[in-house]
Amino acid sequence: MKKKVLSVLLASTMVMSMAACGEQTTEAPATDTPATDTTTVAEPADDTTAEPAEVSELTDGKFAETRHITVEVYDRGNDGGSDPTNNMYTEYIKKGMLEDHNVEVEFVAVPRWTEVDEINNLLAAGTAPDICVTYSYPTIQTYASMGGVLDLQSYVTDYKSELTNLWNWLGETNIYWDQDINDGTLWAIEGKRANPRRILTFVRQDWLDALNMKAPTNKAEFYDMICAFRDNADTLLGKDAKKMVPFSVSYDVGWRAALLIESEIDPAITDKEFYVNGFDDRKLTENGTKEAIRTLNKWYNEGLLWKDFALYGSGDATEDDMMKAGYVGAFQHNWDYPFRNGDDSIQANLKRLVGDNAKYVAVDCFENKAGQTLKFGITEAGDRKIFFPSTNDEPLASMLYLDWISDPDHIEYLQKGDEGVTHNVLPDGAIEIIAAEGDAIMNSGQNIDMTITCNGLHFKDDALTSLSMAHSYASVDPADVETAIKLAMTNPRFEKNVKVAPITAEEGMGEALSSKRDEVYDTSVVAPADSFDATWDAAMNDYLSAGGQAIIDERTSAWEAVYGSSTSLE
Amino acid sequence: MSAGEKASKSKVKAPKQKTNWKIYIKRYWQLYALLLLPMVYLLIFKYIPMKYILIAFKKYSIVKKVGEMPWANNHGMQYFIQAFSNNDFKNALRNTVVLNVLDLLIGFPIPIIFALILNELPFKKFKKTVQTIAYMPHFLSWVIIYGLAIQLFTPTNGLINMFIQRLGGESVPFLNDPVKWVGTYIFLGVWQSFGWNSIVYLAAIAGISPELYEAASVDGANRFEKMWHITLPGIRGTIVTLLVMALGNILGSNFDRPFALQNNLVMKYAEVISTFVYKHGIKGLQFSLTTAVGLFQSVVGVFFLLFANWLARRLGERGIW
């Protein structure tokens with residue numbers, strides 16, 4: 001009897017669970033349809049004629065009913081950082097948006113160092129935030145051509161009167177930077193670099209002092225310096241001599257040796273050639289790159305580089321830890337890299353772990369054939385791109401968010417926080433950022449992850465901005481920052497916007513080609529000196545045949561279609 | 001053997017059984033009801049999704065339903081042509097086969113040998129301890145194993161290389177040199193799974209009747225002869241079943257192991273189909289291309305499975321069906 005009861009029970013639970021399963025499966029298509037629906041909803045919104053009616057749903061910039069939007073925010077995974085989706089600054093934004101526009105804001109964290117992968121996954125799953133930020137335009141382009149991205153063209157023009165802050169801050173240049181020249185579609189708007197500085201070389205000042213050397217002023221001196229570091233490892237590091245890395249690069253050689261690579265580019269390169277090869281932001285196919293990598297290869301084989309560099313992937317902290325522990329003599333990175341993260345910055349750690357005089361200073365010593373230490377890629381656009389996926393059914397509320405976040409008052413508050421908590425006001429009026437605690441910790445320098453339309457320090461008063469910039473890195477000597485500020489803008493080469501048709505060969509190839517490019521760089525750097533040419537040529541051929549050449553060809557013809565035989569933009 | 005017996009039984013019963021299935025269902029309906037659950041699972045999660053195989057023949061769009069997507073060029077074969085003219089794919093295909101065959105050659109016999117050795121151990125406690133320690137790595141994720149590998153094998157800071165250097169040797173690029181990397185890859189794979197895989201064999205060995213061993217002892221067989229003539233034939237069926245399944249997987253590859261272990265310096269040997277699909281499909285959004293690759297992989301896998309099963313039957317074993 002008992003058995004029978006038990007089996008009836010079992011069978012009935014099964015039927016129940018199956019019924020539950022059945023419900024889920026019938027639900028699945030149901031959730032499918034809204035995803036497709038939103039695009040059809042979005043389409044009438046694309047229709048410019050429908051717009052004026054919608055503008056009137058705002059009274060004094062406020063919606064009658066509370067709207068809800070989701071916004072991407074980078075998660076940098078800092079040790080002891082604040083919760084990227086819930087901290088003092090997100091609260092400030094949420095409160096402000098609700099008061100000013102009656103829009104509820106929810107933040108969605110996306111890991112900074114794998115952002116492209118992550119945003120791809122979210123887009124493919126149809127769960128991307130309403131406002132997305134990425135550094136990768138090809139990702140946006142690919143989704144746009146599948147119909148997965150909203151065309152912003154009508155929103156930025158039709159709501160122009162509601163978006164004064166956005167227009168004032170970004171201006172035509174950044175708003176229309178990515179506009180399609182053929183059909184006028186606008187898939188993304190470019191956030192602005194308030195501070196267009198890019199990359200610098202840093203060397204250990206205390207090691208130079210210990211060896212009685214002067215800071216290098218050209219490539220030859222730089223080479224002598226790292227050789228001297230290597231040869232005097234015992235003096236400089238004592239029992240840790242074996243851990244010495246005179247010049248450090250990571251797997252991302254194209255970035256971490258960018259100044260060396262760019263110094264080999266022909267100073268007379270035409271705009272056309274620069275554009276045609278410009279699809280790879282690590283300049284793999286530029287005319288002097290091979291020679292630069294030959295130099296690195298020589299350095300590697302002479303024991304000047306870190307032997308394990310290629311084994312650690314993106315976001316790995318091992319190399320940073322080596323810098324913090326004082327094993328690294330020189331490196332190239334973002335112009336403020338050693339100053340970032342307050343008490344946990346490389347500079348602060350170095351001081352704590354090695355000694356008071358241990359520090360990195362910026363130098364400017366990678367000159368090209370014309371003797372200039374050019375800094376490429378200086379531009380106010382070409383940084384972070386903001387786009388709305390087609391699953392965004394609150395485009396107006398989202399545009400208002402962008403406007404709100406571009407308000408100079410809001411930018412200023414988000415970047416400096418409260419006096420006594422995140423900053424002090426110095427006697428000369430400069431804002432000095434101090435190490436904050438708990439909720440008030442900014443996870444990114446100058447809170448750039450919060451101010452998505454603004455990358456870099458920007459106060460309402462320009463004079464105050466430049467005065468404060470050197471003080472905007474907690475726990476770092478302002479004099480060191482000032483040197484870096486100055487050198488990073490020495491001999492800038494401003495980027496020009498080439499307006500041609502979208503390059504279809506680039507679609508879907510971004511990730512595959514950039515990982516291939518890293519392979520070309522890494523394998524060539526570690527090749528034995530006598531087989532460098534063979535390694536480079538083989539890897540390069542592979543890269544070109546995997547899609548690089550197709551892009552170069554299409555870019556060439558796209559340029560010629562617009563600019564004809566002219567090789568210059570002016 | 002048992003398979004033969006069963007086959008002949010069912011042949012004899014066949015004419016009657018046509019009407020018998022109702023009786024069976026009536027008598028064992030609880031069991032059949034229980035069986036329904038996994039069947040429904042398979043249907044929902046394995047069979048219904050198969051309609052998305054169509055993506056391989058269509059131009060993928062994120063906002064359209066499968067039926068609405070336009071057909072790909074060349075009668076829908078565009079993406080297969082693209083895959084087979086892609087050097088990276090051919091490379092990945094070669095690497096998948098080579099790495100899996102090496103895994104099979106080296107990784108397949110080791111659990112069997114381990115189970116045999118373990119079975120000969122007279123101390124029960126020692127045996128249990130060894131067995132537990134041996135299968136523990138199975139529960140580590142590949143990311144953690146790569147972390148361990150980095151600590152042990154890197155040229156400058158790796159423990160093993162530091163040891164080699166102390167002894168006056170040159171550090172060995174276990175992870176940076178493509179050929180040595182393949183060795184490390186296989187070694188780590190074996191290390192991670194041999195203990196776990198030996199469990200099935202130990203269970204099979206436990207099922208062999210002790211009388212056989214006693215009889216052999218009476219006949220004067222030594223340990224090695226008993227192992228060769230009793231234990232090994234006793235687990236032959238298990239070995240063949242697992243071999244058939246392993247052969248069916250020769251083109252399949254798990255994702256985490258190659259993905260966690262690969263680095264830029266060894267990519268020409270380390271890129272396998274699963275990581276290729278990840279890079280081009282998920283990261284590059286070429287869903288049609290990678291669905292085509294996945295379909296190709298599955299179809300070849302099915303052929304291997306059928307072949308291995310046929311071979312097993314030819315060798316007088318049961319196969320897996």
Practice item. Report, by ascending residue number, the residues of residues 81-89 of chain B in heavy-atom contact with chain A at a distance under 4.5 Å; give 'none' if the set is empty. Key: B:N87, B:D88
Exercise for review: Please report the closest heavy-atom contact between A:F279 and A:G548, naming both atoms and the distance.
Suggested key: CZ-O, 4.1 Å
Practice item. Pick out which of A:L150, A:T139, A:T134 makes a side-chain contact (heavy atoms from CB on, under 4.5 Å) with A:F387. Key: A:T134
Exercise for review: Please check if any side-chain donor atom of A:S250 sits under 3.5 Å from a side-chain acceptor atom of A:D252, or the reverse.
Suggested key: no
Practice item. Could you tell me which portion of A:S545 (side chain, backbone, both or neither) has an atom closer than 4.5 angstrom to a non-hydrogen atom of chain B? Key: side chain
Check your understanding: Do we get A:R517 above A:Y543's six-membered ring, with its NZ or CZ under 6.0 Å from the centre and within 45° of the axis?
Key -> no
Check your understanding: What do the steps show when you test B:W142 against B:Y146 for ring-ring contact (aromatic ring centres under 6.0 Å, His included), and what is the final call?
Key -> CA-CA 6 Å; B:W142 278 104; B:Y146 184 62; 9.8 Å; no
Review point. Is it the case that B:K58 places NZ or CZ above or below the six-membered ring of B:Y79, under 6.0 angstrom from the centre and within 45 degrees of the axis?
Key: no
**Study point:** Pair B:F57-B:L295, side-chain contact (heavy atoms from CB on, under 4.5 Å): steps then yes or no
**Key:** CA-CA 10 Å; B:F57 306 96; B:L295 182 60; 3.8 Å; yes
Check your understanding: Any donor and acceptor pair, going by atom type alone, linking the side chain of B:Q297 with main-chain N or O of B:L251 inside 3.5 Å?
Key -> yes
Practice item. Measure distances from B:F287 to the heavy atoms of chain A and classify the residue's part below 4.5 Å as side chain, backbone, both or neither. Key: side chain
Check your understanding: chain B heavy atoms under 4.5 Å from A:D522: which part of the residue, side chain, backbone, both or neither?
Key -> both
Check your understanding: Hey, which of A:V526, A:V525, A:N297 is the one that makes side-chain contact (heavy atoms from CB on, under 4.5 Å) with A:F532?
Key -> A:N297
Practice item. Could you tell me whether A:D518 and A:R282 make a salt bridge, using a distance below 4.0 angstrom between a side-chain N and a carboxylate O? Key: no
**Study point:** Part of B:Y60 lying under 4.5 Å from any heavy atom of chain A
**Key:** both
Practice item. Heavy atoms only, distances under 4.5 angstrom: which of A:S515, A:S145, A:A546 has the most pairs with chain B? Name it, please. Key: A:S515
Practice item. For chain A, find its close neighbours in residues 147-179 of chain B: heavy-atom separation under 4.5 Å, sorted by number, or none. Key: B:I150, B:T154, B:P155, B:T156, B:N157, B:L175, B:N176
**Study point:** Pick from A:L311, A:N120, A:T523 with the largest number of heavy-atom pairs that fall under 4.5 Å of chain B
**Key:** A:L311
Review point. Within a strict 4.5 Å, meaning less than it, do heavy atoms of the A:V249 and A:W306 side chains meet?
Key: no
Practice item. Verify ring-ring contact (aromatic ring centres under 6.0 Å, His included) between A:W299 and A:F247, making sure each step is shown before the conclusion. Key: CA-CA 9 Å; A:W299 293 357; A:F247 177 64; 5.6 Å; yes
